[in-house]
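Please read the structure below before turning to the comments.
Side chains included, hydrogens not; waters and symmetry mates left out as well; all remaining heavy atoms used. Both counts, for ligands and for their atoms, begin at 1 and track the order of listing.
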Amino acid sequence: MKIARFSRIGFILAAAGSAVGLGNIWKFPYITGEYGGGAFVFVYLLTVLFIGFSIMIAEMLIGYIGRKDTVSSFESIAPTHKHLWKYGGFQGLAGLFIMIFYSVVIGWIFHYIITSLSTLPASIKEAESTFNTMLHTDIWTQLFYHSVAFVWITYVLTKGIKGGIEKMNLVLMPALMVILVGMFIYALSLDAFPKAVHFMFAPDWSKINSEAFVVAVGHAFFTLSLGMGAIMTYAASLEKNSNIVKAAFWVVFLDTTIAIVAGLMLFTFLYQYGAGPAKGPGLVFISLPAAFYEMGIIGNAFAVLFFIALAFAGLTSSVSLVEPMVQYFIDRFSWSRLKASILMGLFFYLIGIIALLSNIDGFKEALTWGDKNFFDWVDYFTAAIMLPIGGLIMALFVGFVIDKRKVESILKPQLGFAFEAWYFSLRYITPVAMFIVMLNLLGVF
Ligand code: PFF
């Protein structure tokens with residue numbers, strides 16, 4: 001059987017589709033708001049450039065050499081201790097765990113597309129109560145849209161790399177970009193635009209502390225889809241003789257540009273019509289709809305388009321979160337793609353229902369341990385623990401385990417004189433940074 005491979009543009013769009021997700025459009029603007037704007041953006045950009053970009057190349061390299069699911073790739077590439085290194089591939093599980101809450105959030109977005117067609121909240125207060133009512137009391141709406149997300153994502157996965165993942169990304173990614181650029185151009189015409197630029201790019205260094213640094217590093221990983229084998233699994237379907245460095249560059253470039261465009265646009269709207277930037281995780285579901293309301297009828301159109309773009313971003317990321325484990329069962333257990341996709345889909349769908357219930361009054365109490373409910377625990381466990389560990393393993397694997405000559409033979413022609421700098425960063429800078437992030441998130445300091 002001929003193995004399906006991405007076309008060159010298909011790979012870049014699929015990897016960018018994985019990277020551009022809720023992290024860019026929902027999370028980046030609100031953490032930028034929380035950590036004071038320009039100085040935070042500056043640290044984030046440096047992190048993306050020096051740490052994110054180098055791990056992106058490393059992760060693509062493992063997939064590109066390994067050619068199989070993450071576990072088999074680690075196992076076949078490791079020169080010794082294969083049976084131990086193969087566990088490096090199980091970080092693919094992190095993606096499946098992330099889907100437990102990611103799918104629920106995509107469900108909220110679907111719901112907001114539909115409701116924005118007719119009504120928008122007239123004030124922040126109203127927006128807050130609408131959102132909280134859905135979150136804490138409305139099981140059926142959330143369950144319905146969570147189910148829609150499950151069916152959509154699973155269906156695309158059953159169609160495989162070419163007919164499912166590549167095809168969806170080839171349509172949704174350009175559509176997403178057109179919507180965002182269109183809204184950005186409108187934002188450019190508003191008086192508040194310079195204010196948004198100032199907020200995002202004028203650094204106030206007093207706002208930068210160790211926590212902001214750690215959040216920036218963690219976010220660079222999450223937003224670039226690193227450390228979980230998503231990019232690795234996609235890279236396993238690259239044509240031989242592909243230019244990894246170029247592909248990595250495009251993915252990082254698109255992801256960063258889209259985050260900045262989305263941020264500038266949102267902050268312009270919030271300054272012009274709303275309550276300003278620092279509004280936390282509710283920014284997109286609470287402050288923004290209230291700002292859209294102030295725009296009048298065009299606000300409804302904008303709200304619908306915005307949530308469609310957000311849904312597209314979330315869906316293209318979702319398939320990449322599940323695909324590593326789908327590929328794992330296909331390669332290691334000879335499951336059919338249909339069986340692997342449905343069973344992995346059911347995994348996140350069913351446990352996702354528990355995550356959904358853990359926000360609902362009446363169930364919340366039984367599903368809360370310590371200061372977090374199940375939903376937040378899954379988020380915390382994946383982002384704080386699994387993700388940095390995955391990143392660390394990949395950096396160490398490419399930096400110290402794979403024979404340098406092998407790495408050099410593939411990457412030196414692509415990186416040129418920058419090869420040594422990249423290698424150094426991968427061996428020393430990245431592991432130390434990841435370690436610090438992990439300790440901080442675990443509350444050690
Ligand atoms: N990069 C995605 C986002 O920014 O929302 C999330 C993500 C997708 C993380 C795939 C990790 C991953 F493997």
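For ligand 1, the atoms lying closer than 4.0 Å to a non-hydrogen atom of Ala19 are 1 (N), 2 (C), 3 (C), 4 (O). Here is the list of ligand 1 atoms found below 4.0 Å of a heavy atom in Leu321: 8 (C), 10 (C), 11 (C), 12 (C), 13 (F). Heavy-atom proximity to Thr223, at under 4.0 Å, picks out these atoms of ligand 1: 1 (N), 4 (O). Remark: ligand 1 atoms within the under-4.0 Å shell around heavy atoms of Tyr102 are 2 (C), 3 (C), 5 (O), 6 (C). Of all atoms in ligand 1, numbered sequentially from 1 with element shown, those under 4.0 Å from a heavy atom of Ser320 are 10 (C).
Looking only at heavy atoms of the protein, atom 8 (C) of ligand 1 is closest to Ser225 OG, 3.2 Å. Shortest contact from atom 9 (C) of ligand 1 to any protein heavy atom: Phe222 O, 3.5 Å. Ala230 CB, 3.1 Å is the protein heavy atom nearest to atom 13 (F) of ligand 1.
Between Leu22 and ligand 1, at least one pair of N/O atoms sits closer than 3.5 Å.
Residue pairs that meet the ring pair (Phe, Tyr, Trp, His ring centres under 6.0 Å) test with at least one member in residues 233-255, sequence neighbours left out, are Phe6-Tyr234, Phe249-Phe253, Trp250-Phe253.
How far CZ of Phe348 is from CD1 of Ile100: 10.0 Å, rounded to the nearest 0.5 Å.
Both tests hold for Lys339 against Trp335: distance to the six-membered ring centre under 6.0 Å, angle to the ring axis within 45°. Both the sub-6.0 Å distance and the 45° axial angle are satisfied by Arg67 relative to the ring of Tyr64.
For the residues Met99, His219, Met228, Glu59, the heavy atom positioned nearest atom 11 (C) of ligand 1 is part of Met228.
Screening Tyr30, Phe28, Phe40 against Tyr35 for a ring pair (Phe, Tyr, Trp, His ring centres under 6.0 Å) leaves a single residue, Phe40.
The pair Glu166-Arg5 fails the salt-bridge criterion, with no side-chain N (NZ, NE, NH1 or NH2) lying under 4.0 Å from an Asp/Glu carboxylate O. Salt-bridge check for Lys27 with Glu34: failed, with every basic side-chain N at 4.0 Å or more from each acidic carboxylate O.
Two residues are said to be in side-chain contact when any heavy atoms from C-beta on lie closer than 4.5 Å; Met99 and Tyr102 meet this criterion.
At a 4.0 Å heavy-atom cut-off, ligand 1 touches Ser18 through backbone and side chain alike.
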